[in-house]
Amino acid sequence: MVKSLKNIISVVLISGALFGTSASAQQLTKLTLRLDQQGVPASPMLYGLMTEEINYAYDGGIYAELIRNRSFKDNYKNPDHWTLIKSDADSSEIALDNKHPVNEALTISLRLHQKADGKHTALANDGFWGIPVLPSTLYKGSFYAMTDNSSAGPVTVSIESTDGKTIFATADVSGLAGSWKKFTFKFFTTASAVPTAATRFVIRPPGKGNYWFTLVSLFPPTYVNTANGNRRDIMQLLAAMHPEFLRLPGGNYLEGGMFSTRYNWKKTLGPIDHRPGHQGTWGYRSSDGMGLLEYLEWCEDLKMEPLLAVFAGYTLNHDYVEAGPLLQPYVEEALEEIEYVTGDTSTTYGRERARDGHPAPFPLHYVEVGNEDGFDMSGSYNGRFAQFFDAIRAKYPDLKIISTMGGKDFLGQRFPLTKRIPDVIDEHYYRSAYDMESDAGHYDNYDRSGPRIFVGEWATREGKPTPNFNSALGDAAWMTGMERNSDLVVMSCSAPLFVNVNPGGMQWESDLIGYNTLTSYGSPSYYAQQMFSNYRGNEVVSIVGEGIPIKLQVLSHKDSLNKVVPKTYPSLFYVATRDTKNGRLYIKVVNAGSSAREVAIDLNRVTFVNSKGKIVMMQADKPEDTNTITEPKKIFPVVSTYTGFKRSFSYNFPKYSISILQIDTK
Ligand code: AHR
């Protein structure tokens, strides 16, 4: 949460690197693809996802649980998000109770002292900005309960409108007794139910008595019906990106505000009944329903692999453990975590994973040690990284080890790593569109002899809650640079991934995917990333750009942020890759400027070009245009057939556009 350095004024000189070469800046008029030359390999892992609990990403986001504050730990003084429904004449009361723990994790319950007869007194949970009601939907729920009035009859559970006048789904739960028991129930909405979130979940006891409840849980159908799983609409948006990996579990969320609130993966395992939850780093508590196994199953469901970040002994309040014996328990914990992910069932933690329901190991190739350790002003990361590196390398020699420092971004430069050379360095960039575009050639002349690069967090931050089209243009320009250099930049993932757009849902502006209780949408940046991920080959094609020299412009980050900078600087960005198996070419061109640009494209170094191919194009009238929860597809990519491809042809790239030309060659 140390954000000040993020906003540092970084004067970015606009150089010829804009065009993927170090030639001087120019207004592009011609692209010659050197199809006779063998290009560098394009990284198959280039596009992935980054995740953490921020902006109600899990609770109230992708994790499909509908009950908020299900274990009553969000506030030790009040049952937040729970209310008592009663008439004025009814003196019934509710209170948090810590005298009747279910187990070591479920230590708090809600006690209802019902003083009125009949089912007029009830408990209501307002969910995460309501409980989503959709037609013909099966909801499955559960809770722990007990009562001192076990002869009273069943408890009724329901989803109802906030005024209580409409019942959308209901069921009875019988058998409450004098000690804790877990109950399950299910109910359906009707086919005629009109989607709404102006709702609440209600528990109505049968009559007078004391009733205790905890771990009250309710799930809608989840993606591929995974138990304790994820919201379908959000998973479908992610699936459409075809991500290669998921960087988990953070971000700041990995580090924790202090040692006691770091991401302690062992406390996120097993049935949700045994997960205590913990205070997250973005101002609210996490249920840990999204535990380590759920992250891994999320990867499995989307056919991506985990990129596991392990806690490295440094927390956001700048507390750290020096390398040496005191750090060793954390190193052991990281090794055990890797074993939980990858070990077979003959290993201790592989067995534990099997007990948790997943006997098969998960694929894992990359492990990251910490997060943004450049903020650790003590410089302790050099030693901490070495200790983790040695232990991981010794036990898992095939794993690639990622450091969070040591690269050329400003965080990396402050405390260079001298003790161990990482396989990969994680660099982060949060910028304006201008910064992204003017630095799109960032990796063009990077040192190829050192570690590979993982751009583990990056984003153009214009527009909120989700980025606008100017951000998408900045993102796309930046992606041309990463893809062109993907022999070096082996992986990338933008951040943050999610935002709940309900009031109070956002802690960090400009997030890739937005949602409310009922629906979700992709920002223009989401679609730009989807385009780049879905259309690419396995080899980068070398390109020579020709154009008219132009005058350069210099702006500070501050001056460029959230402004549409007049595009007097070169505003066309490009990259091409090809599939060496079938000769298919993907030419990506970003026109970030305010006028259309005609570019001659020379493919003369191949013998055959199929005139019929495909164009994927996303465009906006104005850079400030955007998608919202109410207008989710104002901007999105359109796929069309094109019949004018030749060995030499001209193409007019519209103003403010991102285009992919898919061309078959031999
Ligand atoms: O993406 C938001 C935050 O930015 C991440 O948690 C952190 O790693 C970075 O500072």
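Atoms within each ligand, like the ligands themselves, are counted from 1 in listed order.
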Task: Spacing of CD belonging to Gln530 relative to NE2 belonging to His242, to within rounding of 0.5 Å - done: 8.5 Å

TODO: Verify, without hydrogens or angle tests, whether Arg262 (side chain) and Gly256 (backbone) share a donor-acceptor contact under 3.5 angstrom.
DONE: no

Open item on the list: Trp508 versus ligand 1: do any nitrogen or oxygen atoms come within less than 3.5 Å of each other?
Closed with: no

Open item on the list: Please work out, at 4.0 Å between heavy atoms, whether the side chain, the backbone, both, or neither of Trp282 comes within that distance of ligand 1.
Closed with: side chain

Open item on the list: Taking Leu237's backbone N and O only, do any of them form a donor-acceptor pair with Tyr526's side chain (distance below 3.5 Å, no angle check)?
Closed with: yes

Open item on the list: For the CE atom of Met258 and the OG1 atom of Thr281, what is their distance to the nearest 0.5 Å?
Closed with: 11.5 Å

- [ ] Please confirm whether Pro496 comes under 4.0 Å of ligand 1, counting heavy atoms of the residue only.
- [x] yes

Open item on the list: If we only consider heavy atoms of Tyr253, is any one of them less than 4.0 Å away from an atom in ligand 1?
Closed with: no

Task: Proximal ligand 1 atoms for Asn371, defined as those under 4.0 Å from one of its heavy atoms - done: 7 (C), 8 (O)

Task: Min N/O separation Glu372 to ligand 1 under 3.5 Å - done: yes

Task: 4.5 Å side-chain heavy-atom contact, Asp288 and His278 - done: yes

- [ ] Run down the list His428, Glu457, Gln507 and name the one with the heavy atom closest to atom 9 (C) of ligand 1.
- [x] Glu457

Task: Test salt bridge (Lys or Arg N to Asp or Glu O under 4.0 Å) applied to Lys266 - qualifying residues, sequence neighbours left out - done: Glu336

TODO: Determine whether the side chain, the backbone, both or neither of Glu52 has a heavy atom under 4.0 Å from any heavy atom of ligand 1.
DONE: side chain

